[in-house]
K.L.:
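Quick one: the structure is below, questions incoming.
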Amino acid sequence: MKTPILETERLILRPLRIEDAPDVFEWASDDRVTKYMIYPTHKSIETTLEWLKSINHESETDYDFGLVEKESGKLIGSGGLYWEAENSQWRIGYNLRFDRWNKGYATEAALAMVKFAREKLNAERIGSMHAVDNPNSGRVMKNCGLVFVKYGTYAKYDNSVTFRCKEYLWTKSGEELTHHKGTVTLRTERLILRPFKESDYLDIYTWASNPKVTRYLSYPTHQSIEVSKDIAKKWEKASESKTNYNWAIEYKGKVIGNISVVNHDDLWEAGMGWQIDVPYWNQGIMTEAAHAVFEFLFEEVGFHRIYSGHDTRNPGSGRVMQKLGMKKEGIFPQMYYKIGFGTGDSQKYAILKEEWIERKIICK
């Protein structure tokens, strides 16, 4: 397909031409514009001409657009869509002359290119990236519906500079965002986190029958071993599902609690819950277990947001959330009610995948 002409409220996106060289050179020779671009700063207009001559507007895999400002008629930047066979996706890129920054032009142009890719190129995946030190570009990607997937690196064509970057992705059905793996066994310095077995029922009863443990939890205190046995059987069966996440916290051969995804939307976010027996409170065990689970859910499964909450009368659970880097999101009044314990407010916390990975990098 020939590079088409696209139109937005303020821009015309059209094929670049040789006669555009003077305008292109204005921004391609500006170190402020090229600082985070893949191409080196153009030192002469001959370099610009060479690039323009190399563009093939008949290509089925590369689409290079000049961005023309309707009001002035001036070429103010360029953008493109490029097929990446190794990733089976289209990659979007853009750059603008410095005096047109922070006016919404990049988002406007990028949205038009994404729409073209989706509707005319039948794109299944659209990716992009930006240098970590250039967060404005990330806002453009998010405005276009792309989501953060991982950190990476890229280098200029001449390998003069390498940048740490954030990579983003849009997928047609969202299937690339999460890869469900179920309750796989995880190990930490002191713990084994594993799927429940029916034979765990006696350990479950030890803590689930203790009102000190269950006071701020949603389920009734277990009144008999049979209740715990039934729960253990159900949890073992549920662990066969790839979308079920419920870990037994095993410490020195004994199951002392659990940590689980109590709710998830199958794609984007996971709501967490946990409990641990009284003798193991205030020893960092719950934080250790949650850290391993969060790392697995973010980096292996691919959830983008993890949230949780606690009864405001139970601040100990909140301290675990704070140690995990979760941020307060607000209080939900009278969200909890339990017979015998009355009504409690819920303090909500959450953390994003990119915040988790960034925190992990900083802590190294």
K.L.:
Assess R10 against Y105: is NZ or CZ under 6.0 Å from the centre of the six-membered ring, and within 45 degrees of the ring's axis?
P.N.:
yes
K.L.:
Do S137 and Y94 pair up side chain to side chain, a donor and an acceptor below 3.5 Å, judged on atom types alone?
P.N.:
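The criterion, which ignores hydrogens and geometry beyond distance, is satisfied for Y94 and S137.
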K.L.:
Would a line drawn from the ring center of Y39 to the ring center of Y157 be shorter than 6.0 Å?
P.N.:
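Not under 6.0 Å, so no.
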K.L.:
Between Y168 and F148, how do the two ring planes meet: parallel, tilted or perpendicular, split at 30° and 60°?
P.N.:
perpendicular
K.L.:
Step through it carefully: locate the ring centre of Y307, locate the ring centre of H264, and say whether they are under 6.0 Å apart.
P.N.:
no
K.L.:
Any side-chain donor-acceptor pair under 3.5 Å between H42 and S29?
P.N.:
no
K.L.:
Flag the pair E329 and K348 as a salt bridge only when some basic side-chain nitrogen lies within less than 4.0 angstrom of an acidic carboxylate oxygen.
P.N.:
no
K.L.:
Can a donor-acceptor pair be found between the side chains of T8 and E108 at a distance below 3.5 Å?
P.N.:
yes
K.L.:
How are the rings of W268 and H304 set to each other: parallel, tilted or perpendicular (split at 30° and 60°)?
P.N.:
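W268 vs H304 ring planes: parallel.
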K.L.:
In this structure, is the centre-to-centre distance between the rings of H291 and W356 below 6.0 Å?
P.N.:
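Yes, the ring centres sit under 6.0 Å apart.
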K.L.:
Centre of F98's six-membered ring, under 6.0 Å away, within 45 degrees of the axis: is that where NZ or CZ of R32 sits?
P.N.:
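Judged by the rule (NZ or CZ under 6.0 Å from the ring centre, within 45° of its axis), R32 counts as positioned above F98.
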K.L.:
Mark yes or no: K229 above the aromatic ring of Y201, with NZ or CZ under 6.0 Å from the six-membered ring centre and no more than 45 degrees from the axis.
P.N.:
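Verdict for Y201: a cation-pi partner in K229.
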